[in-house]
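The structure appears below as C-alpha cells.
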Amino acid sequence: MSNALNPAQQSAVEHVEGPLLVLAGAGSGKTRVVTHRIARLIDLGILPSDILAVTFTNKAADEMRTRIRTLKNVQALACTFHSLGARILRESIHELGYKNDFTIYDEEDSEKLLKGCLNQLQLSEEKGILKQIRHQISSAKNDLVGPEEVKDDPLFAQVYPLYQNKLKECNALDFDDLLYLTVRLFKESERARNEYQNRWLFVLIDEYQDTNLAQYTIAKTLVDRHKNIFAVGDPDQSIYSWRGARYQNILNFESDFPGAKVVTLDQNYRSTNCILQAANALICHNANRYDKKLWSALGEGSKIGAYVGQNEREEAEFVAHKIFKHVADDHISLNEIAVFYRTNAQSRTFEDALLSRRIAYSIIGGLSFYQRKEIKDILSFLKMIVSNTDLISFLRTIHIPKRGLGAATIEKIVEAAQGSPIFSFCEELASRGEMNGVKLGNRQREGLKDYIHVVRSLRNKRPGLNLHELISEVVSETRYLSYLQEDPESFQDRKENVDELIGKAAEWEEEQMAPSLNHFLEELSLRTNQENREQGPSIKLMTLHNSKGLEFKLVFLVGLEEDLFPHVNSKDDPQAIEEERRLCYVGMTRAKRHLYLCSTIYRYMWGSARMMRPSRFLKEIPTQYLQSLSSSSLRKVEVEEEPHAEGFMPGDEVVHKEFGTGVIQKAYQGSFGLTYEVLFPHSGTTRTLAAKYAKLQSP
DNA sequence: GCGTGTGGGGTTTTT
DNA sequence: CCCCACACGC
C-alpha cells in the first residue's frame, strides 16, 4: 500500500467530533484509518484516557493497543465488549444488588449450573434440551429480556429465573451477564450512567455490524451525551447473527445518530482482481444487501484453484502438496499461509497431513488452553481461595484428589446448603457433623475435613506468596500431579500444561503493575481463545469465523460442500444461508495472492462415509475466475512423471529420513554423481544431497 | 453408599 | 471422538 491515505481514508481520519460511520470493505485499510485517527486525536491534545476502543476479539484489542503504543507511545483502553462490561461491573455492580468480587463463569461452568437447575425442577433429561435452553437464555440476555419478563413459555419462565438466582448465589456472572447487567446498570442507576458517559469522550466501535442489542445499547448509552462515536464495519462481513448480532445496526446508523458522517472505503489494497471479483460475484447473490463493489489496483493475479478430492484425506494431501509447491516456487513463508474450515472437527485431517510432512502448523481457536481440564481444575482451586460461594468450582475441586465423597453425598450437601455460601456451609458441616438434616458418615466427614484443610491452608499461605508460587502451592498441596498420574495416557501432556500455566502466571506478573489473583482470574475467564505463541513460522489452521480481520498470501478454503458449508443447520433458512455466504466472502477476501477452494466427493462424518455435493457457493463464482484441479487430472500428471522415477526433478516432493519432507530445487551431476539441492520447508533450510548417499524417497 | 467401567448418544461458528 | 448416564461390583 502506498504511504499516503486515499481521499476517503483521509476524510475519516480527519473527522473529530460527532458520529462517524466508516463502511470499510474487506482489505480497504480499515486498521490504518482507525489507528491514524486515534493518533490524530492524541495529536490534537485529547488525552489517551479519554479514548475507548471496543473490539470484537481479544486479539483485535491486543493488536490495537500495540499499534497505538507503537505510534504514539501512549496507553489507550482497547478491549472487547465483554471485558468492558467486566470492568464497569467490577466497579459498580453493587448498585444492582450484586457483590463486586463476582467470578465469571465460562460456557462449561454455566452449563453445569443450568443442569443443576434442570435437575432441581425434575425436568426430563431429554437430549439437547440443555443446549437449547442454554441458547435461549443467552439470546434472551443479548436481546435484553430479563428473567422476570418471560411470559409466553412456561418452562422457560421457570428455568431462566432459577438459573439467574443460582448464578447470584454463586456470586458469579455468565458471559452474557457482562453485557446484559451492564445495560441494566445503565438503565437503573443514573449515577453509573453519568459516570461512564463522562469517562470516555471518544468511543470507537469496531466490527459494528456484529453488535447485538445489548452491545449496541451499551455503545449508544456511552456516547449519548457527546455523540462522539466512531463506528467501523462492513455489513457484508456480518457473521455472528447466531450470537444475536444485528447487522441492521450498521444500516440504521444514520437514523440512530442524526447528522452522522458516513465514509465508504471501497478500494481494496489486499487482493488481486481474480480473487476480489470472484468474492464480489459471490456476495452479490445475497438479496438482502447494500450494494457495494470493491475494486483493486493490484492487477489480475492468478486464478482461483478449484479442487475436488475423493475424500477428506485426499483434500488434505492436496493442500499439503500445494503448500510445498508455493513455498518452493513463490517463496511464501509459512506464516503467510492459512487453511480455513467451517467446523473445528475438520482440522484433524489437515493436522495429520501436515504432521506427516513435518510442516509446522498452529491451530488458531479450538479448545483453548484455559478450557483444558487440568487448567480449569487448578483455576477452580484458585477460585476457592478467594470465594466461599462458588458452587461450580466447589463441585469441580471437591474430589481432587478422591476423598470418599461421592455424588450422592455431594448432592445432599448442596441441597442442605440451600443456596447459602457453599464453602462456609461445608466448614460448619464438617465441624458439627450434622447440619440442616444432612449427617455425614465418618469417612465422608474426614474427606470433607481434608478438603477444607487444603483450601484453608492455601488461603493462609496466599499473603506470603506471589501468584505463580501460589499456583505451585495449589499443585503440591492437592497432590495434583499424582492425581493426574491416574491417567498415564495423558499425564505427560497435562503436566506440561500445568507447568505452562505456572510459567504464564509468572510472565503475567512481570507485565502487571499491580498483579492480583482476582485480576488474573478475570483476565483468564475472558481469554477463551488460544493465543498463538509464536515459535518459528507455521501455517495457520482455523475456522472461517476466526479468520475475520486477518490476511494471508495463500489461502485454502476447504470443505465447500452442501450441508457442511453452507452448514446443514442453515439449509432451510434463507437468512442463515445469506450469513453462510457472507462467511464464505470473508474467507475468500482474506487471500492476497493465491486462493484455493476445495471440496470432496465423499466425506467421513460421524463414522460413515457420506456422499457430498459441491457447495452452491462454488457455482455462484463465475468460471472465468476459476481453474479446475480435480484429483483425477492430478493423478494423470503424476503417472506421466513416473518414468523419471529413478531421478527426481525440480519441484518434486521427497522424504529424507532425518530432515523430513522437502522439495527438489535443482538436480545436477556433481562430483559424487547425481546431486540434489533440496529445500526443507519446516526448517527453511536448503541442503545439497548426493543421491547415492541420501536415500531420498517419494512421499 | 461409592467408585469405576462401559456403552450410547451427540458435535457450527465465539466472548 | 468425548462426555455423560447408568449399571455393576466393592
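Since we're looking at a predicted model, the values are computed, not measured. Below, chain A is the first sequence line, B the second, and so on; all start at residue 1.
When heavy atoms are screened at a 4.0 angstrom cut-off, A/F81 is found touching no nucleic acid atom at all. Among the atoms of the strands shown, base atoms are found under 4.0 Å from some heavy atom of A/E107.
Considering only residues two or more places apart in sequence or on other chains, A/T182 meets the side chain to side chain contact (heavy atoms under 4.5 Å, CB included) condition with A/I88, A/L89, A/F186, A/I218. In terms of the side chain to side chain contact (heavy atoms under 4.5 Å, CB included) criterion, residue partners of A/K402 (sequence neighbours excluded) are, by chain and number, A/E486. Partners of A/R494 according to the side-chain hydrogen bond (donor to acceptor under 3.5 Å, both in side chains) rule, which considers only residues two or more places apart in sequence or in another chain, are A/E374, A/S490. Every residue was checked against the side chain to side chain contact (heavy atoms under 4.5 Å, CB included) condition with A/A408, not counting sequence neighbours, and none meets it.
Atom pair A/L130:CG and B/dT11:P shows a separation of 10 Å (rounding to whole Å applied). Spacing between atom CD1 of A/I364 and atom C1' of B/dT13 amounts to 16 Å, rounded to whole angstrom units.
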Distances under 3.5 Å between protein N/O atoms and the N/O atoms of nucleotides 3-7 of chain B, please, pair by pair.
from: B/dG3; atom 1: OP1; to: A/G404; atom 2: N; distance (Å): 3.1
from: B/dG3; atom 1: OP1; to: A/L405; atom 2: N; distance (Å): 3.4
from: B/dG3; atom 1: OP2; to: A/G406; atom 2: N; distance (Å): 3.4
from: B/dT4; atom 1: OP2; to: A/K402; atom 2: NZ; distance (Å): 3.2

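Evaluation of A/W242 against the base of B/dT13 yields a stacking contact (centre distance < 5.5 Å, interplanar angle < 30°). Using a 5.5 Å limit on the distance between ring centres and a 30° limit on the angle between planes, the aromatic ring of A/H567 counts as stacked on the six-membered base ring of B/dT12.
Within the structure, salt bridge (Lys or Arg N to Asp or Glu O under 4.0 Å) contacts touching residues 338-352 of chain A (residues at least two apart or in different chains) are A/R342-A/E580.
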